[in-house]
Undergrad: 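Got a structure for you, written out below as structure tokens; questions coming shortly.
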Amino acid sequence: DAVLMEKALGAYVGLAVGDALGASVEFMTAGEIAALHGVHKDLRGGGWLRLNSGEVTDDTQMSLVLGEAILANPAWDTRRVAGAFSLWLQGRPVDVGNTCRRGLRRFMTDGTLSGPPNEGDAGNGAAMRNLPVVLSTLHDDEAFRQRSLEQAHITHNHRLSDAGTLGLGEMTRVLLKGGDLAAAVRAMEAMVAAEPSFNPRPWRGCSSGYIVDTVRTVLDAFLNSDSLEECVVRAVNRGGDADTTGALAGQLAGALYGLRGVPVRWLRKLDPVVLDRIRRQVPALLAQGGRGMPP
Amino acid sequence: MKLITAIIKPFKLEEVKEALSEIGIEGMTVTEVKGFGRQKGHTEIYRGSEYTVDFLPKVKLEIAIADDIVSKVIETIIKAAKTGKIGDGKIFVTPLDEVIRIRTDERGDSAI
Amino acid sequence: MKLITAIIKPFKLEEVKEALSEIGIEGMTVTEVKGFGRQKGHTEIYRGSEYTVDFLPKVKLEIAIADDIVSKVIETIIKAAKTGKIGDGKIFVTPLDEVIRIRTDERGDSAI
Amino acid sequence: MKLITAIIKPFKLEEVKEALSEIGIEGMTVTEVKGFGRQKGHTEIYRGSEYTVDFLPKVKLEIAIADDIVSKVIETIIKAAKTGKIGDGKIFVTPLDEVIRIRTDERGDSAI
Ligand SMILES: Nc1ncnc2c1ncn2[C@@H]1O[C@H](COP(=O)(O)OP(=O)(O)O)[C@@H](O)[C@H]1O
Ligand SMILES: Nc1ncnc2c1ncn2[C@@H]1O[C@H](COP(=O)(O)OP(=O)(O)O)[C@@H](O)[C@H]1O
Ligand SMILES: Nc1ncnc2c1ncn2[C@@H]1O[C@H](COP(=O)(O)OP(=O)(O)O)[C@@H](O)[C@H]1O
Ligand SMILES: [Mg+2]
Ligand SMILES: [Mg+2]
């Protein structure tokens, strides 16, 4: 199904370029970005991580690790996912979120697949990496829900992190299955009805590591743009946790506009190794999703 | 939450950091100190002449950690820092009433 | 009495001291330390060539204070030391059994 | 077990060490620090001109000891470090949950 492949590649590549674009300005305020770059819209690397242009961060890397763990264990195994994340952590990645590090440290110490519910776990780390679960469970609502929560809880055990992960995941599923913008908005409204703090209208002017700020920023960018580029640029130039809002904005917009929506100049600069891993994962994840595997 | 203070031989710093990172610990604060103990001082050459100083350079690591990984961290530091020769150092465990991440105001285990 | 240990960015030292002195805190002990955390090292130029070190210079403040002003001191340090960017630092609160002013033998809150 | 932290004038280090060794205390860890307190800064000469800095160099001693000799150690430090002039320093006593000698894995009082 060529349309599905186009949208799935769009979502995954959109996530990666959003991550790379946003990483240059993570932790900056919107004012600082405007003063330094005007409108930041080119992959230039740099940032507090001193990246090369086109380099991605933990947002994309954890997604790729999750995707490979899913492909290695078709019948789903949360312990293998946690093991794969831990191996990635021990390889000293360019960046690791504090809550992700804490959860993986817990797993490496006592083997548990989830910590107790924790007020400090309402961060972005679980939602930002969930796209491979979405792609591999397209025709199985129950598996989508169960596997999303299990991978999330390895590091984040908080109802807002759960709601953000499932909500943005569901919007992405609707778009990948051929839904248009109106269908995605209906899925958004269902998410906001269940969790009013996610309502992006009006946008309250804050982008941070808090999942509520992130979901609002991403939805605001998605609703007020007519292209993948515009959506990602709008999210990223808000500053704050810009690589994560960029990644999630890229995922949603990619699922809507497809791979052709990704600006060529970003595609050319994106780390070719990352692009190759995405191109190889997408068909295999979709094939798993198509078979309606048992949870 | 506890504060682990480890005083180790300077050449062991990388090895200890490596070992801690294997169990997911990256955050720490390090200070150059002088150690006095059973291991006596050393001889230095300064402007051509030899003289002894009575201390030995050591490195002090301070690591705030959650209660449930205290013994794991202690074990990891001992394994990486031990040479078996005098002067390997000490580990102190002190209680922490509170830890705060200045950037985000997070407190408690979420701040480490 | 508690011991407040704050690890902050070096360029923030004056501002934090200023802010503390406005709430009547003048006494403290300061140490230059190396920080390891989420914020990675930095690049230095030494004799013309560039090399990277994996730590970041930080400053550690130790302040003994009475119990009743702990939260005020923490609030003051956070406000003065926060930039919102990674690496702003940490604050530790540890219990103190005793404080003694060496000059006068005063103990407890009157020694601070 | 307790951790004794003494902040003293640098020129007093030898005298304090001497006095402690007379009561059988050899092990300690020493750090060069900067002190801020009632005693204000000092004047330094750098490249021929005079300028004032607002801190004073101090020395911080950290000594882990068994409970039964805490008051003896405090008394000894005070006697040796006191000059009666402002800036003599402070002694902090903090609880220690555990002490470990890295070389032998000994814990508790036998590790000190
Ligand atoms: N009682 C103590 N309190 C604080 N630090 C100590 C104490 N004893 C030793 N140290 C620190 O530990 C280091 C190693 O101690 P040392 O006695 O030389 O060797 P070992 O622990 O192998 O017997 C010393 O250089 C010093 O920095
Ligand atoms: N667990 C820890 N124990 C002791 N010091 C720490 C710990 N984690 C971080 N630090 C200190 O705090 C500083 C800032 O931490 P870092 O992780 O870089 O940023 P942030 O706190 O903004 O996430 C470090 O450079 C280090 O000195
Ligand atoms: N509240 C405090 N917390 C930590 N260290 C302190 C405090 N007050 C003073 N100091 C340390 O003790 C030293 C001496 O203190 P100071 O006030 O100058 O003299 P005195 O104790 O004789 O009145 C200071 O230089 C500083 O290092
Ligand atoms: Mg990131
Ligand atoms: Mg981020």
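Here is the naming used below: chain letters follow the sequence lines, and residue numbers restart at 1 for every chain.
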Undergrad: Contact between A:Val96 and B:Glu26 at the side-chain level, heavy atoms closer than 4.5 Å - yes or no?
TA: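 Result no, sub-4.5 Å side-chain heavy-atom pair not found.
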Undergrad: Do other residues, nucleotides or ligands put more than 12 heavy atoms under 6.0 Å from A:Arg44 CZ?
TA: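 Counting other residues, nucleotides and ligands, CZ of A:Arg44 exceeds 12 neighbours.
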Undergrad: Taking all heavy atoms of A:Arg92 and all of B:Ser21, pick out the closest pair and write down the distance.
TA: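 Shortest heavy-atom contact: NE-OG, 3.2 Å.
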Undergrad: Using heavy-atom distances under 4.5 Å, tell me whether A:Leu104 contacts chain B through its side chain, its backbone, both, or neither.
TA: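 Contact with chain B: none, neither part.
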Undergrad: For B:Arg107, which atoms come within 4.5 Å of any heavy atom of chain A: side chain, backbone, both, or neither?
TA: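 The answer is neither part of B:Arg107.
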Undergrad: Shortest non-hydrogen contact from A:Gly120 to B:Ser110?
TA: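 It is CA-OG, 3.5 Å.
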Undergrad: In terms of heavy-atom proximity below 4.5 Å to chain B, should A:Asn118 be classed as side chain, backbone, both, or neither?
TA: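 Interface part for A:Asn118: side chain.
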Undergrad: Name the option with the most non-hydrogen atom pairs under 4.5 Å to chain B; the candidates are A:Met108, A:Arg102, A:Glu119, A:Arg106.
TA: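 Top count of heavy-atom pairs under 4.5 Å with chain B: A:Arg102.
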Undergrad: Mind checking what makes salt bridge (Lys or Arg N to Asp or Glu O under 4.0 Å) contact with A:Arg159, not counting sequence neighbours?
TA: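 With neighbours one apart ignored, the set is A:Glu195.
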Undergrad: Of all of A:Asn98, A:Thr109, A:Leu89, which one pairs up most often with chain B through heavy atoms under 4.5 Å apart?
TA: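 Top option by heavy-atom pairs under 4.5 Å: A:Asn98.
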Undergrad: Measure across A:Arg105 and B:Ile23 and return the closest heavy-atom pair with its distance rounded to 0.1 Å.
TA: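 Smallest heavy-atom distance, with atoms named: CG-O, 3.1 Å.
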Undergrad: Counting only heavy atoms not in B:Glu98, do more than 12 fall under 6.0 Å of its CD?
TA: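 Buried by this count: over 12 neighbours within 6.0 Å.
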Undergrad: Which bit of A:Tyr210 is near chain B, if near means a heavy-atom gap under 4.5 Å: side chain, backbone, both or neither?
TA: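 For A:Tyr210, no heavy atom lies under 4.5 Å from chain B.
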Undergrad: Which members of residues 62-80 of chain B, sorted by number, sit under 4.5 angstrom from chain A on a heavy-atom basis?
TA: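 Counting heavy atoms that sit under 4.5 Å from chain A, the residues of residues 62-80 of chain B involved are B:Asp68, B:Ile69, B:Lys72.
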